Amino acid sequence: MKKEIHIAQVIVNNNSLQTDKIFDYKIPEGLQNTLQRGMRVIVPFGMGNKKLEAYIMNIKREEKIEYKLKELLYPIDDEPIINEKQIRLIVWLKNKYMCKYIEAIQCVLPTGIVNKEKKTICLLEEDWATKCYKNSKNQVELLKLLEDLGGKATLEKLYSRLSTNNINNTLKLLEEKEFIKIDYEISSRVKIQTQQYVQLTIEKKEIETIINTLKNAKRQREILLFLKEHRECPVKELLDLLKANRASLNALVSKGYVTISEREYKRDPFKNLEFKNFPKLNPNIEQKEIIDEIKPYIHKEEPKTFLLHGVTGSGKTEIYLQLIEEVLNKGKQGIVLVPEIALTPQTIERFYGRFGEGIAVLHSNLSEGERFDEWRRIVEGKVNIVVGARSAIFAPFNKLGMIIIDEEHESTYKSDHHPKYHAAEVAAFRSREEGAIVVLGSATPSLETYYRGEKGEVLLHTLAKRATASTLPEVEVIDMRQELDHGNTEILSEKLFSLIKENLDRKKQIILFLNRRGYATFVSCKQCGYVVKCTHCDITMTYHKNMKNLQCHYCGEKREEPKLCPSCGGTHIRYNGMGTQKIEKIIEGYFPNAVIGRMDMDSTSVKGSHQRILESFKNGEIDILVGTQMISKGLDFPNVTLVGVISADASLNLPDFRASEKTFQLVTQVAGRAGRGSEKGKVVIQTYNPQHYSILAASQHDYDSFYKEELPIRKEYFYPPFVQLININFIGKKEEEVYTVSKKIANNIKYILKSKGYNKYDEIVFGPNPTIIAKVNEKYRYQLLLKDIDVPYRFLKSILKYLLMENRQKFVPASISLSIDIDPLYTMGI
DNA sequence: AGCACGCCGACT
DNA sequence: GTCGGCGTGCTC
């Protein structure tokens, strides 16, 4: 038998497009029997033979090789950390989302497992001072520094102590003279997270007297008072919460009233949960029918997707639980995805309450160590159910039987960094590969999913009744145009104002909702409600204040700022741009005695502040809660009897094809927050578009009629589910360059399409246009939007692969970075 | 991404 | 001979 050469085909852990390919390494004789696919090894890479971590994707044997091959060095793992299914998943992710191998690998592995190399420099020549040229200033400086650092230092360390940013030449010269030696070391990135805590060192009784001594130190008094209540608190949270300065705290430390200690920071995901037993319920007829219909598919082990379409409270969770039970009985495993772990402790509580042990939780709030621990438990087979957010879809189960995606329509299931995967897409892939079923649940399914349901690709089940007795709230749509006619130019309609007053008087709680995120402003007429739209795109035009014009961000059409309403000739042109902060101020003015809380991205940036606001709302400390879409999800407060949607138009008029769908979902979800207790709730929706189908349908809790209105529009204007979209962002510091490069790419794509006989290239390629926030962090962004109109989707993608992946250096300068979004949820960043 | 290599201009 | 800057091209 001929002697064969064993070759490992690896992906190196180097986050660069140019190294994003398979590299072949010879396997040393001693390792030929131990190395397997999915193991990590250290390879010598590049001219300097820098040691890099690499992942074995494949092992092959060849009799001879006609190209140069290096030998890999040594393995990191003694068994594969990536299994065969995951390798297939990695390849699929790369092809589907056009990402790098390493990015796909990072999806499948918990963060922190990936090691990083370090370059260390050792001093060899102790007598360097006499042997060195007098005038080589840099060399002397470096050697001196190295000596000061004990003759050994990492490259990072050297740079941190030097002012220059390039010592490579100097190092090279010194290495040639054998004054120094350069080593590469791999260091594992295991770090214990610590957090600073403040603690009181004095008795509570003493506080009052001490406070009197702090006459001029308002913040210090506040801190002490806060600590009197809470005893201890993480430093960062305390300062953020009280808007206090570190100096105030330091003053207290130096006076000896408080101490600060460093503690290992490990968040216990179950800290605040009560694990009451959650007994199995008898399903009602509706639930039973659905369970009985899905169960056989669990046993058939064939890929199948189901959609449970039912309002909140219609008993979806019980169906999930009973299906999971069936999966467990069969010896299989299940993944349960929820849109945001922070908002859905109930879900976890229920799964724990029903199944007890054998549950893991995966989400981004876990510390690296914790995440790693949970991941290990799954790999070791100690866990049968994983509950988690988006990334939990990659749970390394071996006997996957079912994937549940609750609130399927939520945009949190779409990843916002590369690869920009959608959890439901990954679920579908795993379902096909591993013979698992997928169960999607939503009261307001995404249009795409419902469409697939109609076509039979997804098995659709509707839960019409509410499982509990509470009834859906009464919804009233207020026409803000009429308010104007009556002379009310305020932000609140008379109706909503009087209802707030009445509910406050009755000591009931109120939620006011305004979805204002992003910077999109639109232009409308106060008298007739007309909104300026692009003639080609059915998309609202965006007001650019600096240029004083209107632009369509889809096709780039520009228009003069209108002086008069193009529809009715009125003079009350409105530049819309109301946000939650402004609302808060206004409401404060109206109701000075009410306690108002605000919940949006700004007020919840601190960890835990989310819960804190909700907690005080729950305890009745807040009368009116003002918030963005954050308050639309899953909150259950029985004392809330009034929900006001300040302006349903904010999301309706966003320049995005999904604006109507988003509005429908939001209004429906928000409306569901009212009347969850014994008293029937009331919902008021303020709008300038009272006749708009998404608002009408939402006010009647009527998904079907929304769907029937929206679908033809998607068809007519070529949007999903009728076409597939690809969104490419070009990002760079010089606007001119970003534009010309993206323009060049657009022309290249069109040229290739044209040459292959696809003549709708002008409809396939949109742009380049500036993105809705055209400048972020001093960088300009332009986007290209592609639609697969009369062209095979695969071909369109192969063009992009050619231009932007395989030959990117030729077409895109290094100064411009790219972001490719396959099947973007939003094209305009809602 | 690193890193080397080549080329240039400047300073000593 | 030394030093720093910058563009280009390669990594099995």
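Per chain, numbering begins at 1; letters A, B, ... match sequence-line order. The shown structure was predicted, so the numbers you read here are calculated from the model rather than taken from an experiment.
Taking atom CG on A:Asn13 and atom P on B:dG2, their separation rounds to 10 Å, with Å as the unit. To the nearest angstrom, P of C:dC10 lies 19 Å from CZ of A:Arg808. Counting to the nearest Å, the P atom of C:dC3 and the CG atom of A:Leu142 are 11 Å from each other. Put simply, CG on A:Asn807 is 15 Å from C1' on C:dG9, counting in whole angstrom units. Put simply, CG on A:Leu52 is 14 Å from P on B:dA1, counting in whole angstrom units. Between A:Phe45 atom CZ and C:dC10 atom C1' the separation is 9 Å, expressed in whole Å. What separates CG of A:Asn49 from P of C:dC12 is a distance of 7 Å, to the nearest Å. Following rounding to the nearest Å, A:Lys810 (NZ) and C:dT8 (C1') show an atom-to-atom distance of 15 Å.
Residue A:Lys68 has a polar side-chain atom (N or O) positioned under 4.0 Å from OP1 or OP2 of C:dT11. Contact between the side-chain N/O atoms of A:Lys70 and the OP1/OP2 oxygens of C:dC12 is found at a separation under 4.0 Å.
No side-chain N or O of A:Asn769 forms a donor-acceptor pair with one of A:Gln783 less than 3.5 Å apart. Donor-acceptor pairing under 3.5 Å is lacking for the side chains of A:Lys797 and A:Asn95. Judged purely by distance below 3.5 Å, without hydrogens or angles, the side chains of A:Ser819 and A:Lys420 pair a donor atom with an acceptor atom.
Taking every side-chain heavy atom of A:Phe23 into account, C:dC12 is the closest of C:dC10, B:dC3, C:dC12.
Take the nearest nucleotide of DNA chain C for A:Met47 and for A:Glu71: the residue whose nucleotide is more 5' is A:Met47.
Nucleic acid contact class of A:Tyr25 (heavy atoms, under 4.0 Å, all strands): sugar-phosphate only. As judged by a 4.0 angstrom heavy-atom cut-off over every strand, A:Gln18 is placed among the base-contacting residues.
Ring geometry for A:Tyr421 against A:Phe394 counts as perpendicular: the plane angle is over 60°, on a 0 to 90° scale with 30° as the lower cut.
Every pair passing ring pair (Phe, Tyr, Trp, His ring centres under 6.0 Å) that includes a residue from residues 6-44 of chain A is listed here, sequence neighbours excluded: A:Phe23-A:Phe45.
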